[in-house]
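Each chain gets a letter, A, B and so on, in the order its sequence line appears, and its residues count up from 1. Scope of the values below: all heavy atoms of this structure, side chains included, with no hydrogens, waters or symmetry mates.
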Amino acid sequence: MLVMNNISKEFPGVKALDDVSISVKKGEIHALIGENGAGKSTLMKILSGAYVSDSGEVIVDGEKIKNPTPALMIEKGIAVIYQELMLLEHRTVAENIFIGRYPKNRYGMVDYKKMRDEALRISQELQLDLDPDAIVGDLSVAKRQMVEIAKAMSRNAKIIVLDEPTATLGEAELEGLFALVKSLAKKGITFIYISHRLREIFELCTTLTILKDGKKVESGKVSDYDTDMLVNRMVGRDMSDIYPKKERNIGKEILCVENLTRKGILHDVSFCLRKGEILGIAGLAGAGRTEILRAIIGADPVDGGCVKIKGKNVKFRSPADGIRAKLGIVPEERKTQGLMLKQNVTYNTSIASLKKYMTNGLINTRKEKQIAKDYVDLFHTRPGKIDVITQNMSGGNQQKVVLSKCLACDCEILLVDEPTRGIDVGAKQEIYNILNNLVKDGMSIVMVSSELPELLGVCDRIMVMNEGHMMAIVDAEEANEELLMSYATKEVPVKM
Amino acid sequence: TGNAAPQATNSNEPSPSESPADKKYKVGFSQGTMNHPFRVAMVEENVAYAKEHYPNMEIIVTDGNNDSSKQVADVEDLIAQGIDLLVISPLTAEALTDVCEKAMKAGIPVLTLDRNVNTEVTSFIGAENRPMGVASAKLLAEMLDEKGRIIEIQGTAGASATIDRHEGFIEELANYPEMEIIAEQYCDYLRENAMRYMEDMLQRFGPGEIDAVYTHNDEMALGAVEAIRAAGREDEGIKVIGMDGTEVAFEAIQNGSMAFTVVYPYCAPEGIQYAYKVLTGEKIDTRIQLDTAIVSEENIDEWIGKGL
Amino acid sequence: MAHKSSVSAKSGNTIFNNSIQKLKSFGILWVLIAIIIIASILEPTFLKFSNVVNIIRQIAINGIIAVGMTFVLLTGGIDLSVGASVGVVAVTVAMLFQKGVNPVLAIIIGLVIGAAIGFINGLGITKGKIVPFIMTLGTLTAFRGLALYIANGSPQSWRKSGVDIKFLGQGDLFGIPVPVYIFFAVLIIAHLILKYTAFGRSVYAIGDSREAARLSGINVVRTEWLVYIISGFLAGLSSLILISRLSVGEPTAGEGAELDAIAMSVIGGTSASGGIGGVIGTLVGATLLSVIANLLNIIGVSPFIQRIVKGIIIILAILLDQNQKKRKA
Amino acid sequence: MAHKSSVSAKSGNTIFNNSIQKLKSFGILWVLIAIIIIASILEPTFLKFSNVVNIIRQIAINGIIAVGMTFVLLTGGIDLSVGASVGVVAVTVAMLFQKGVNPVLAIIIGLVIGAAIGFINGLGITKGKIVPFIMTLGTLTAFRGLALYIANGSPQSWRKSGVDIKFLGQGDLFGIPVPVYIFFAVLIIAHLILKYTAFGRSVYAIGDSREAARLSGINVVRTEWLVYIISGFLAGLSSLILISRLSVGEPTAGEGAELDAIAMSVIGGTSASGGIGGVIGTLVGATLLSVIANLLNIIGVSPFIQRIVKGIIIILAILLDQNQKKRKA
Ligand SMILES: Nc1ncnc2c1ncn2[C@@H]1O[C@H](COP(=O)(O)OP(=O)(O)OP(=O)(O)O)[C@@H](O)[C@H]1O
Ligand SMILES: Nc1ncnc2c1ncn2[C@@H]1O[C@H](COP(=O)(O)OP(=O)(O)OP(=O)(O)O)[C@@H](O)[C@H]1O
Ligand SMILES: [Mg+2]
Ligand SMILES: [Mg+2]
């Protein structure tokens, strides 16, 4: 069905792909796995015509494709969900789903009604609760991801590539997607699936290819592997339990949130964070987790309630206030909220902590570069250079830069929103270790995540949210995934 | 404003309008551009004169912002508003022709100042640019013994004053085979641009290679003078010629840094005087020629202090 | 604000609901209405039929250019060369009239020249990958020079040739000036294209995210190229009306028109960074600017003060337009 | 390309490596050098010391404005009002000279006025949330009107007052004109600010992503506001040099300076959508434009043809700058 032969691709200074070949049969769900920067997305972009390969050939259905362009590859029946969402922020959900192939009426004019109806139908079929009239720019990241899924699924494609579609989705949202993928695969549609959540690979995929540093390691049947083997082949070494042993020295309450309210989004949320503790926040997409973090640090205005730090009432009018009070935030979306994409790694690492590098009122670039280098080494960020423009980095590596930026701030309270989104297992372990060490040294962390095992493995306590309401706070030791899910889907209290 | 309250205060110059003073007149004054002292003076002196002498006259001034279509729109606005008479100094003749014709057809008398339009109007008052160019060339030929290399700094490309001042000059120059224009540029009537251009020319032409600089207004002439002075070449005796007759130019003539300028009448207060005559039913000539004058070293004493 | 309006248009249950929502979010329209009311109180002449006709005729010429500019801005580009296009078309068509060329043919040639300048802009921007600002600054400079060169710096009148195209710029039908019909025809067609054709939607898509548009199979090069051709074509059309109105083709015609056109679009809610807006907003923006100019003229504010007041009103108008605020927030 | 340059500057192993990489990627610089070589072959006068001095003096005045514009563009904004600021400062300072006010005081007042206009722009843009294009278009209109109003449309000369500030615009030190020293001082300070201060970094950050900048703790409002104040201040400074050079304060001074300044920045590699570029590129851009103008003048190309050629050279220069291409690709 699909064969890619001897694909190589070089970017200035980086050999992203080196003689990679894969072949995928009709109806397969083929997993593409590898560390951050291994070349997975690049390979898929070559398939979709977004990049032109330096050498190699792409064969679809026995036909060798000459001069692939995105338009041509769409025509050949290839649909791709890109890792970095490719949506029109100012347009509606319906229009985004049908971009480039708008339904037309008899007179050849765009038929908005049909477009809307179709969008609604697709979203229902996928169990994706999408409002076709909503403007994409107003949606949460998870919702945007769903729009991308709807867009790809509605194309009636022969080959569908999903590049980390689930990085921000919780378990609940996955179900609908997986069910659909499986049923479409039965009908003969071919899938290529990229994810760093190995559990999904085993649950969904039939065959796999492993990439490492731009080279193919091997291909095979998923059933021939187990998790440890996969990790070993990807990372090149054995990894035991990826969650570090919790070493804690929990102190007094440092951050208290009381009756935090934002109309329609947060309702009377109250909780406390203790010094040296990691508090997790669980919930389904749109539960309001992101909003809590943003409200605390002053990124969004609130309608009621208050935030206390070390017992003192604080009122942050902007994140600058919050950061001055030694808070830090790792935002949910790295592309628009986390990074200055046109700037390099050094710049992005230091931007929030410039005071540290000042000598005589000017930035000491030597020191700045040193610290950036330290973080690159710490996270194994690839390519391991500090002068790479972040726009040109792979998704997972970008996320590492965002983390570096926040850690460089030396804050006391860290708010992290999906910190391991799109990060490979090796680096995940790295990040867990770092978080662990930070709290050991007295930092306090609030961590939002859609990956329940991660919350359970890293946090001390877990707060569960649903529709802007706090449903419960449970001790991580006593919780399990079923319990968290049951709170996350429990009906919210009706308020007068 | 000016509610028919007669201002009898001015003594020595009795207003020529004692009799039909009760009727109120609305006059539209459309100026092509106010980016130039000459144009500003035309408006201000006329308006000031009217304020003093014709209390029953209301004047609405519009500024075409150096854009003919804006000036056409201005005139349309004025007509729509029901003016009794239109005074207009057109940016370009042709472009304002139709709208003046429209005004005449609507029974609104039209006085054109400084520049005429290509249709019959009540009267044209002004001098003409072309003869100024001719006169400049003549006097320059005399000063240089009919032999010389000249740089021409023109006004704004396409503006009719520019075209006329240029054409008059080269037309006359054709009579002197040994006088030639060695370089020319448009400097938009701005001192800054003229100075910059002249700086480049002083690089291009060495000492003795430039005999005169003919510019389309005094501002640009003074820009050229500044450039010559900054280059330390004021001893070469380059003859700088301006036009309009600003006070600063007169001073420059007095101290010898400019050769001469051509005084261009800015049609005030004649413009408004004739307007009043028309409004009060007096007949006036369809063409009222105002005089231009050349101011040079010889007659500078008569002019100093009377500049724009 | 045009943001919101375009949204509701696509969704909505009933057309009625739609319109209501549109009006609500169209803040600058209310500002315009307020100015009109104030104007007619200050100076009753303002609402006289002849003055209203006068204003809409004035809107038409610059408005046509602004419609083209709206297309360009929606893709995230800019076209500084429109004024120069007006100049080139003005003098060439005028000189063709002088030479006795069939007026209809001359007009067609004029439109083709306008489109050709747009074609060159599009070529440099899409194929040459030159940023639109620089490309059109280059063509602005070069084509203004060309217009002056062709006409040798002088306005070109065709009075003697007997050609009469006054109808186009000065004529009227049922009391409404002909340019107004042309403008509204352009406006409606542009609106339909933007809203109901794949090309129009691609214009928005490119301005929103070139990359997303490209990867969705939209032909970015063709769409962008076409947008500059449209802009050049409409500049040519506007030039034809202008020369008919002035009975002369001036090489300096249209000077500064680019800033005016951009202002009309942006005041009307089109984002200069692309993806948001539309031509209905441009109509409102153009009307606002023309109403201000007309009002200041007819209440007789002195020229220098006029500029001061005009500048302040522009700022106040946008300030009062709460939606524009929200968009940025 | 300035993109690349700013990158390599921050990275690199040795300073030497750094510079090499910088030069390689700085395509437009090579274009400039090529033009200079061609120029000196065509016309040996071109490289004469006096002509070189002449060119750099001409660069200085507009270059200072362009440095301010670069700051504004880097944040993703635009400042159309710089030309009007030049006008207002020119006439007020000239009139203060006329009135016999202490020249130093008058100069300080001039600078404060420039900064104040920037302050107003910043106020409208940050607090009023008005898009920069419209806000500065409004102040452009209003302040040009104000300049004309104050001066009553006439150039203001202070010859009689005996004030002499020729040194500023016409003087020289060791054969180099004073404005050149001022320009280079401005340039170096601006470069240091952009590269080595937190404020400078924030300027880039905002142009890159406002939201990411905000969440990184950058005071977006203050940074943006300051950027417009800098732009206004530098326009005022440029105005002072200008009036000293011309010995007169014209209300129309600086007309069209905004387009020139933007062109210099953008040709020098600063992205009009923010986040990429720097003032070194602006120096190159300013030099390129001045060299072209000077060259065409001294080889004696006729005026209309000059414009055509200038437009074409601008386009070709950018086309040859391969890096600018790559950036967009
Ligand atoms: N446009 C680009 N310019 C320069 N280098 C690039 C570009 N795109 C990708 N690269 C580099 O190519 C390599 C492979 O990147 P790719 O995005 O394919 O990784 P990936 O396997 O998808 O990683 P992740 O799991 O983090 O998404 C990386 O080193 C990246 O920095
Ligand atoms: N800018 C916005 N404008 C309007 N509604 C918003 C905006 N941002 C978020 N919301 C809505 O607020 C609700 C809470 O969103 P939030 O992003 O906090 O959820 P979350 O629990 O973090 O889930 P997700 O996984 O989607 O990020 C959602 O219904 C979302 O659609
Ligand atoms: Mg990837
Ligand atoms: Mg979230």
TODO: Examine distances only and state if a side-chain atom of B/Q203 and a backbone atom of D/I298 form a donor-acceptor pair shorter than 3.5 Å.
DONE: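 Between the backbone of D/I298 and the side chain of B/Q203 there is no qualifying donor-acceptor contact (under 3.5 Å).
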What part of [X] is in contact with chain B, defined as an atom under 4.5 angstrom from a non-hydrogen atom: side chain, backbone, both or neither?
X      : value
D/R245 : both
D/D172 : neither
D/E255 : side chain
D/A151 : neither
D/F304 : side chain
D/T45  : side chain

Only pairs of heavy atoms separated by less than 4.5 Å count here; which of [options] has the most with chain D?
options                : result
B/E184, B/M34, B/R39   : B/E184
B/E247, B/E192, B/M201 : B/E192
B/R204, B/E219, B/Q154 : B/R204
B/V40, B/T246, B/D200  : B/D200

Are any of the side-chain heavy atoms of [X] and [Y] separated by less than 4.5 Å?
X      : Y      : result
B/E226 : D/L246 : no
B/R191 : D/E250 : yes
B/Q185 : D/N297 : yes

Task: Contact winner vs chain B - D/I61, D/N152, D/I299, heavy-atom pairs under 4.5 Å - done: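 Sorted descending by pairs with chain B, the first entry is D/N152.
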Open item on the list: If we define contacts as heavy-atom pairs under 4.5 Å, which of D/P251, D/S247, D/S157, D/S302 has the most with chain B?
Closed with: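 That would be D/S247.
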Task: Proximity breakdown for B/R229 and chain D, heavy-atom pairs closer than 4.5 Å - done: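 Contact with chain D is through the side chain of B/R229 alone.
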Open item on the list: Measuring from atom CD of D/Q58 to atom OH of B/Y197, what distance do you get when rounded to the nearest 0.5 angstrom?
Closed with: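 Between atom CD of D/Q58 and atom OH of B/Y197 there are 12.5 Å.
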Task: Spacing of CZ belonging to B/R196 relative to CD1 belonging to D/I55, to within rounding of 0.5 Å - done: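 Going from the CZ atom of B/R196 to the CD1 atom of D/I55 covers 12.0 Å.
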Greater than 12 external heavy atoms within 6.0 Å of [X]'s [atom1]:
X      : atom1 : answer
B/E209 : CD    : yes
B/K70  : NZ    : yes
B/K147 : NZ    : no

Open item on the list: Checking B/L190 against D/T252 for the side-chain contact (heavy atoms from CB on, under 4.5 Å) test, could you report, in this order, the C-alpha distance in whole Å, the side-chain angles of both residues, the deciding distance, and whether it holds?
Closed with: CA-CA 8 Å; B/L190 291 174; D/T252 51; 3.5 Å; yes
- [ ] Among D/N54, D/N51, D/N294, find the one that has a side chain to side chain contact (heavy atoms under 4.5 Å, CB included) with B/E199.
- [x]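 For B/E199, the side chain to side chain contact (heavy atoms under 4.5 Å, CB included) test succeeds with only one of D/N54, D/N51, D/N294, which is D/N54.
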